[in-house]
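Below is one structure, written out as structure tokens; comments come after it.
Note on naming: letters A, B, ... go to the chains in the order of the sequence lines (proteins, then strands), and numbering restarts at 1 for each one. For the numbers below, each heavy atom of this structure counts, side chains included, while hydrogens, waters and symmetry mates do not.
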Amino acid sequence: MLDLKLIRDAEAEVRAALARRGVPADLDAVLGTDQRRRRLVTEVETLKRQRNAASEEIGKLKKSGEDTAAKQAAVKALGGQIAALDEELQRADQELQALLLTIPNLPHKSVSDGKGAKDNLIVRSYGQTRRFGFKPKTHLELVERLGILDFERAARLAGAGFPLFVGLGAALERALIQFMLDLHVKQHGYTEVSPPFVVNSAAMTGTGQLPKMAADMYYLAGDDLYLIPTAEVPVTNIYREEIIQRPLPIYLTAYSPCFRREAGAAGRETRGLIRVHQFDKVELVKFVEPETSYAELESLVANAEDVLQRLGLTYRVLALCAADLSFAAAKCYDIELWAPGQEAWLEVSSCSNFESFQARRAGIRYRTKAGKVDYVHTLNGSGVALARLMVAILENGQTADGAVELPEALAPYLGGVRRLQPDQNAKL
RNA sequence: GGAAGGGUGGCUGAGUGGCCGAUAGCGCCGGUCUUGAAAACCGGAGCGCCGCAAGGCGCCGGGGGUUCGAAUCCCUCCCCUUCCGCCA
């Protein structure tokens with residue numbers, strides 16, 4: 001949510017910044033409703049002031065035993081007016097709030113212009129795109145021969161898009177999670193949390209998934225709860241409606257499964273692990289002081305990159321252009337892994353600075369050194385997402401005979417297993 | 001799911017219809033003292049909104065009601081604790 005005062009005081013700048021996103025935002029409605037609301041506030045508060053003064057007087061008169069019936073009747077009439085105005089004010093408040101919730105964040109000045117994903121800038125690359133002496137297989141072909149993933153039986157359970165890992169496939173999934181959590185906790189200074197995987201609508205609104213993304217989320221109607229699309233939601237909302245007392249910055253990391261309906265995405269990349277309804281992810285979340293948030297974004301990206309470097313994978317980092325930024329982000333870097341079987345770059349991390357956008361929605365504040373209360377800046381990034389990470393590991397590590405050499409860094413987490421062999425995995 | 005008790009400022013905890021935004025203690029900030037710190041003493045300090053300002057309005061889990069007036073009374077929802085039931 002944008003600062004309403006900023007919209008009022010710097011309307012032209014706000015309009016210009018929003019225009020860079022290339023989507024319309026109804027500032028006129030915001031400003032009009034705001035004006036109406038403020039007029040009502042002034043009006044109703046004048047009346048309330050009168051009522052308070054009169055009530056106090058009645059109290060005093062009663063104490064000295066005087067008759068106050070006439071005065072009471074007059075104040076009661078005032079009360080009626082106040083109630084009517086209050087109702088109108090409440091409506092204006094709700095309207096204004098609803099409007100503000102639909103306005104996206106402003107792109108940071110360092111974010112480039114552009115019309116879409118094609119205009120994102122490659123800011124750096126790591127590793128070489130490996131050349132094979134044979135035609136590299138896709139992860140679909142590999143998992144089939146390795147027997148580490150059972151799509152057919154998985155569909156029986158929940159339909160397409162819900163993977164069922166088997167044997168070393170499941171172990172590899174678990175090893176990756178633990179490897180990443182350990183790295184972030186022991187090397188990067190994050191505190192591990194394990195949050196609820198369902199949240200209420202207030203939490204979803206706080207981080208910006210609601211109201212816009214409602215159709216993309218799994219909703220539990222019986223309990224009015226949502227399955228989380230990312231651990232960002234529960235972890236960021238840990239401090240919802242708080243003035244944080246601990247010193248900033250606060251770094252949290254969490255593993256969680258992520259649930260996404262991917263409404264409207266059917267038919268696109270629906271085979272295999274590239275786009276699924278449920279995947280595992282280790283998430284990084286930061287709560288920081290505003291002055292430091294852009295430096296914190298750089299180190300957040302570095303933390304995510306460290307995962308990939310230690311796994312010996314080839315990746316590139318993109319700085320998203322203004323038009324490709326997600327709703328809540330002011331700046332965002334995507335990290336993409338090279339998948340030789342797909343011959344494609346796969347997004348495995350999205351690291352964003354939301355500035356005070358989420359904090360304002362969620363009411364997450366801190367006390368400045370001067371003792372003032374202000375909104376924190378929140379950041380988060382995947383560190384990293386697993387289904388696609390596994391695709392890259394499989395496709396990059398494959399050998400001519402259909403085996404897969406696993407990254408050395410995972411060996412301690414896999415009981416020393418260094419290689420997946422065709423037709424040797426546990427069977428269902 | 002059932003029963004009982006409870007949700008007050010960063011924390012603990014008073015307050016049961018009229019200067020209560022709220023007593024007190026701890027913690028916090030500033031000062032005195034000290035080489036420095038601690039202790040002691042003095043002082044300060046909640047959050048939001050409207051307003052150029054003076055000032056005002058609102059907030060005691062959320063919402064609604066009664067009343068001239070509600071932290072205090074009533075209704076409702078949510079949450080926490082304990083006991084019972086069920087159960088990984």
Side-chain angles (χ1 to χ4, degrees), chain A residues 1-10 30-101 194-206 210 220-226 234 237-248 250 257 287 289 356 358-376:
Chain A
M1 184 157 67
L2 297 183
D3 182 2
L4 182 56
K5 288 194 188 78
L6 182 74
I7 298 177
R8 283 205 292 254
D9 300 341
V30 169
L31 288 166
T33 308
D34 173 47
Q35 216 159 43
R36 183 158 58 87
R37 178 186 164 273
R38 284 190 288 160
R39 205 188 57 231
L40 286 165
V41 166
T42 309
E43 209 173 330
V44 75
E45 287 190 355
T46 306
L47 295 180
K48 282 184 178 172
R49 186 181 183 178
Q50 288 171 23
R51 178 174 68 181
N52 289 347
S55 288
E56 201 180 319
E57 198 192 338
I58 290 169
K60 283 179 185 149
L61 290 174
K62 278 205 161 174
K63 261 195 186 129
S64 53
E66 296 187 40
D67 176 48
T68 57
K71 277 195 191 298
Q72 286 187 28
V75 178
K76 188 166 188 166
L78 242 187
Q81 285 181 59
I82 289 171
L85 279 173
D86 257 340
E87 213 171 297
E88 205 177 325
L89 175 60
Q90 201 181 338
R91 272 199 303 273
D93 260 332
Q94 285 167 357
E95 257 173 69
L96 182 60
Q97 201 63 17
L99 285 166
L100 279 172
L101 287 178
S194 181
F197 300 154
V198 294
V199 299
N200 56 31
S201 62
M204 284 297 186
T205 306
L210 286 179
L220 307 172
D223 299 285
D224 195 21
L225 294 169
Y226 296 83
N237 278 285
I238 286 173
Y239 291 109
R240 183 155 58 84
E241 303 302 334
E242 270 195 51
I243 298 171
I244 298 177
Q245 301 298 318
R246 291 184 41 205
L248 300 178
I250 294 171
F287 303 85
E289 293 177 274
S356 60
Q358 292 181 327
R360 188 168 276 114
R361 289 176 157 239
I364 305 172
R365 295 172 295 170
Y366 78 111
R367 223 168 266 284
T368 66
K369 287 170 188 74
K372 291 223 159 239
V373 171
D374 196 9
Y375 290 103
V376 301

Could you please spell out the steps behind the salt bridge (charged side-chain N to carboxylate O under 4.0 Å, His left out) verdict for A/R367 and A/D374?
CA-CA 6 Å; A/R367 223 168 266 284; A/D374 196 9; over 6 Å; no
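- Contact annotation for A/K76: backbone-only contact, meaning every heavy-atom pair under 4.0 Å involves sugar-phosphate atoms and none involves a base.
- For A/R367, whose side chain is taken as the heavy atoms from C-beta onward, the closest listed nucleotide among B/rC47, B/rC50, B/rG69 is B/rC47.
- Smallest separation of non-hydrogen atoms from A/A92 and A/R36: CB-NH1, 3.9 Å.
- Between A/Y366 atom OH and B/rC47 atom C1' the separation is 17 Å, expressed in whole Å.
- Residue A/R38 places at least one side-chain N or O under 4.0 Å from the OP1 or OP2 atom of B/rG51.
- Nucleotide B/rU81 is matched to B/rA4 when pairs are restricted to Watson-Crick or G-U wobble geometry with both distances under 3.5 angstrom.
- You'll find that the side chain of A/R49 is closest to B/rG56, out of B/rG69, B/rG10, B/rG56.
- Taking atom P in both B/rG58 and B/rG64, the straight-line distance is 15 Å, to the nearest Å.
- Pairing for B/rA24 is with B/rU12, a Watson-Crick or G-U wobble pair whose two hydrogen-bonding atom distances lie under 3.5 Å.
- Using atom C1' as the reference point in both B/rC83 and B/rU8, the two lie 27 Å apart (nearest Å).
- Comparing B/rG18, B/rG58, B/rC50 against the side chain of A/S55 picks out B/rG18 as the nearest.
- Residue A/V373 is in sugar-phosphate contact alone, with no base atom involved, counting any heavy-atom pair closer than 4.0 Å across all strands shown.
- The side chain of A/R365 sits closest to B/rC47 out of B/rC47, B/rC68, B/rG51.
- The interatomic distance linking A/I82 (CD1) with B/rA70 (P) rounds to 10 Å, in whole Å.
- Atom name C1', nucleotides B/rC33 and B/rC41: the rounded distance is 9 Å, in whole Å.
- Comparing the C1' positions of B/rG69 and B/rG17 gives a spacing of 8 Å, expressed to the nearest Å.
- In summary, A/E289 and A/K369 engage in a salt bridge, as defined by a charged side-chain N under 4.0 Å from a carboxylate O.
- Nucleotides B/rG5 and B/rU76 have their P atoms positioned 15 Å apart, rounded to a whole Å.
- Closest contact between the side chain of A/I58 and the listed nucleotides B/rC68, B/rG56, B/rC47 involves B/rC68.
- Atoms NZ (A/K48) and C1' (B/rG55) sit 17 Å apart, rounded to a whole Å.
- Using a 4.0 Å cut-off between charged side-chain N and carboxylate O, A/E56 and A/K60 make a salt bridge.
- Closest heavy-atom contact between A/T205 and A/R361: O-NH1, 2.8 Å.
- Atom NZ in A/K369 sits roughly 16 Å away from atom C1' in B/rC28 (whole-Å rounding).
- Rounding to whole angstrom units, CG of residue A/D223 and P of B/rC78 are separated by 12 Å.
- The 5' end of RNA chain B is approached more closely, in terms of each residue's nearest nucleotide, by A/E56 than by the other of A/E56 and A/Q50.
- Atom CD in A/E242 sits about 12 Å away from atom P in B/rG9, given to the nearest Å.
- When both distances must be under 3.5 Å, the Watson-Crick or G-U wobble mate of B/rC57 is B/rG48.
- Side-chain N/O atoms of A/Q245 include none lying less than 4.0 angstrom from OP1 or OP2 on B/rG10.
- A close approach under 4.0 Å does not occur between any side-chain nitrogen or oxygen of A/Q90 and OP1 or OP2 of B/rG58.
- Note on A/K71 versus A/E57: salt bridge recorded, some NZ/NE/NH1/NH2 to OD/OE distance being below 4.0 Å.
- In this model, a side-chain donor or acceptor of A/E45 finds a partner on the base of B/rG56 within 3.5 Å.
- Rounding to whole angstrom units, CZ of residue A/R246 and P of B/rG10 are separated by 17 Å.
- Residues A/K48 and A/V44 form a side-chain contact, since some pair of their non-hydrogen atoms from C-beta on lies under 4.5 Å apart.
- The partner of B/rA40 is B/rU32, by the rule that a Watson-Crick or G-U pair needs both atom distances under 3.5 Å.
- Taking atom P on both nucleotides, B/rA54 is separated from B/rU72 by 32 Å, rounded to a whole Å.
- Atom P of B/rG63 sits at a distance of 14 Å from the matching atom of B/rA71, rounded to the whole Å.
- By the 4.5 Å heavy-atom criterion applied to side chains, A/V30 and A/L4 are counted as neighbours.
- Comparing B/rG9 with B/rG46, their P atoms sit 14 Å apart, to the nearest whole Å.
- Backbone-only engagement by A/R37 is indicated by non-hydrogen atom pairs under 4.0 Å involving sugar-phosphate atoms exclusively.
- The phosphate of B/rG58 (OP1 or OP2) has a side-chain N or O of A/N52 nearer than 4.0 angstrom.
- Within 4.0 Å (heavy atoms only), A/K62 reaches at least one base atom of the nucleic acid.
- Taking atom CG of residue A/L47 and atom C1' of nucleotide B/rG58, one finds them 15 Å apart after rounding to whole Å.
- When each of A/G371 and A/R51 is assigned the nucleotide of RNA chain B with its nearest heavy atom, A/G371 is the one assigned upstream, toward the 5' end.
- Using a 4.0 Å heavy-atom cutoff across all strands shown, A/R8 reaches sugar-phosphate atoms only and no base atom.
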